[in-house]
A.B. asks: 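Here's a structure for you.
Just so we're on the same page: letters track the sequence lines, and every chain starts at 1.
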Amino acid sequence: MALFEAVRLHKRFGQRVVLEDITLAFEAGTTTGLMGPNGAGKTTCFNVLTGHFAPTRGRVLLDGRDVTGLAPQTIARLGVARSFQTISLFDTETAQDNVVVALPRIRARVADAWRDLARDTAAQDEAAALLGRVGLRGRERTRARDLSYGERRALEIALALAGDPRVLFLDEPTSGLGADGTARLADLVAELKRRYTIVMIEHDMRFLFRLADVVHVIHWGQVIASGTPDALRGDPWVARSQLGAG
Amino acid sequence: MSAAADPAPSGALGAGDAVPARAAPATRLPRPLVALVLLLVAAPWWLPAVGLYPYLAVEVAIFMLYAQGYNLLLGHSGLPSFGHGAFFGVGAYAFGLAQKHVVENLWVDLAAGVLVAALAGALVAAFVSHRRGIYYALLTIAFGQVAWFVAIKWHSVTGGEDGLLNLRRPDVDLGFARLSIASNEGLFLLVLALLAAVVLGCWRFVHSPLGRVLACIRQNETRARFLGYRVWWCKFAVFVLSTAIAGLAGALFAMAQQSAYPNVMSLHQSGFVVMMVLIGGGLASFWGPLVGAAFFILARDLLGAYTETWLLWYGLVFMAVVLWQPEGLAGIWRQLRATAAPGR
Ligand SMILES: Nc1ncnc2c1ncn2[C@@H]1O[C@H](COP(=O)(O)OP(=O)(O)O)[C@@H](O)[C@H]1O
Ligand SMILES: [Mg+2]
């Protein structure tokens, strides 16, 4: 049984059908890539899988458990973390505080209104270590909004990692990164890949094909091709899906 | 999407060997706060020297306490509760009713004010906590109006328009000593002690996990949800805490005025605390509400001595501050300090 499954997902917004019969399975320990042109429904698929939207039809299973339509906070507590295509941080908090708040050990203690968070050294050390891991050492005390674009992308990933998730969803992590940033990110994901089950939406084919074990091509809300990077390299759908990419 | 320049983040991705930087303790009391406290403690003694009266110090301290608790919602959590006078009023009535019908004991009556206001707060919070922005504001206004209306109409309990009259100021019973607060100076010292406790409590709260998470929810509620936070619960909790403090302020006000009346629950009275917080700089600063409350009450009495239309003039000052200095008096202070000591 796969760790995370989407079974015959449909999603409509009013009259507009965005997901039409999507079935996907993510095996524990694998890295899955989703690709496809803009507007294909990839982000919507993430939104349905992580609880942002309930699907119009279909089921979402985490470890065999039906999590369809559960709230994002409930799904997150089950060990599902995500990053956002449009960077989504706590902008006036420092990088450090962003990560501290993302730690489950802090979440578990949120009702404790008497503890001083700044003096919770275990949490602070853990957050600093995570920042170091994504390449933000030395930037701990900088507010998220004052970080460079690339650093903000890295912080986005640190927030997702803070939960030590069972499944990690990354929505276009290289978006807006230059060649250097993309190369650094590839190294990070290559390392994360060993520990985490990752699903990532990505337009950068070189990046995706280097890192993914399986790739699915999504178009018009459907999975139109699936396979290992090697098997898909010559696929006409892959070539075509790149045309609308940006 | 354009390939934006990506200034290299320091350190290589993935290397996690060096000793992690530890957070600097960010929770020392700021100096302005200390100065303010000293100024305040001496208030009943210097106020007459500038032509005011000691009672004013009582009211200033009560509204400081009220504004500080209110700002947990507005400034800190970004939750626009615009009917907060209701809870101030409920605290005042509960204090008065407990005193008249249960027992005349300071601690019991104050506790009644706090608890009943917190219960009313929990009731309202249950309805508003899944909202944000304008809907939150409108709902809180609606609840505030209902409370005000009930206070006026429920004559047998609240005394209607007149309110509860002849409330007393029970002695402060400390077990080993009994202090009278019949005089305004005496009452002031009690209010000041409670204000100190509330400010300290709020200070701890905003630096606690829940406090930090609420600040994060203000900035990005969606992200907080995806990190697993039960946003509804967090908003509920801070609303109850804030209304409990409003209830304490209301109970103290009932002692100050020796009565409880519906006017404090009216919409424009609810607006006053918003103005106090905004003009003081509560959106940007922890201690802004304290300054704003003092400024408001003093402006009321100083301007009010010259003109019936003091609120008009105050309103103009308020608009000027909001337009040109959204961070309020606290922001002005910060700028002055930055000019005086560049590089800090
Ligand atoms: N909340 C929404 N309401 C209405 N339409 C939406 C919503 N979210 C996404 N869509 C539409 O769904 C389509 C797919 O969007 P999206 O999933 O973001 O595509 P992708 O991530 O593959 O580029 C788009 O046409 C978009 O306009
Ligand atoms: Mg997308």
A.B. asks: Counting only heavy atoms not in A:Arg109, do more than 12 sit closer than 6.0 Å to its CZ atom?
C.D. replies: yes

A.B. asks: For chain A, find its close neighbours in residues 215-225 of chain B: heavy-atom separation under 4.5 Å, sorted by number, or none.
C.D. replies: B:Ala215, B:Cys216, B:Arg218, B:Gln219, B:Asn220, B:Thr222, B:Arg223, B:Ala224, B:Arg225

A.B. asks: So, A:Lys42 side chain and A:Ile218 main chain: donor-acceptor pair closer than 3.5 Å or not?
C.D. replies: no

A.B. asks: Contact part of A:Ala81 toward chain B, heavy-atom cut-off under 4.5 Å: side chain, backbone, both or neither?
C.D. replies: neither

A.B. asks: Given the options A:Leu131, A:Ile106, A:Thr92, A:Val80, which has more heavy-atom pairs under 4.5 Å with chain B than any of the others?
C.D. replies: A:Thr92

A.B. asks: Between A:Leu147 and chain B, with a heavy-atom cut-off of 4.5 Å, which part of the residue counts as in contact: side chain, backbone, both or neither?
C.D. replies: neither

A.B. asks: According to side chain to side chain contact (heavy atoms under 4.5 Å, CB included), who are the partners of B:Ala284, at least two apart in sequence or on a separate chain?
C.D. replies: B:Glu327, B:Arg334

A.B. asks: For the candidates B:Gly228, B:Gly211, B:Gly201, B:Ser208, which exhibits the highest count of non-hydrogen atom pairs separated by less than 4.5 Å from chain A?
C.D. replies: B:Gly228

A.B. asks: I want to know whether B:Phe87 and B:Phe239 have ring centres closer than 6.0 Å.
C.D. replies: yes

A.B. asks: Here's a test for you: under side chain to side chain contact (heavy atoms under 4.5 Å, CB included), which of A:Met200, A:His203, A:Met205, A:His219 qualifies with A:Met35?
C.D. replies: A:Met205

A.B. asks: Do A:Cys45 and A:Leu49 touch side chain to side chain, with heavy atoms closer than 4.5 Å?
C.D. replies: yes

A.B. asks: Does atom CZ of A:Arg206 have more than 12 heavy-atom neighbours, drawn from other residues, nucleotides or ligands, at distances under 6.0 Å?
C.D. replies: no

A.B. asks: Does A:Arg107 reach the main-chain N or O of A:Ala102 with its side chain, forming a donor-acceptor pair under 3.5 Å?
C.D. replies: no

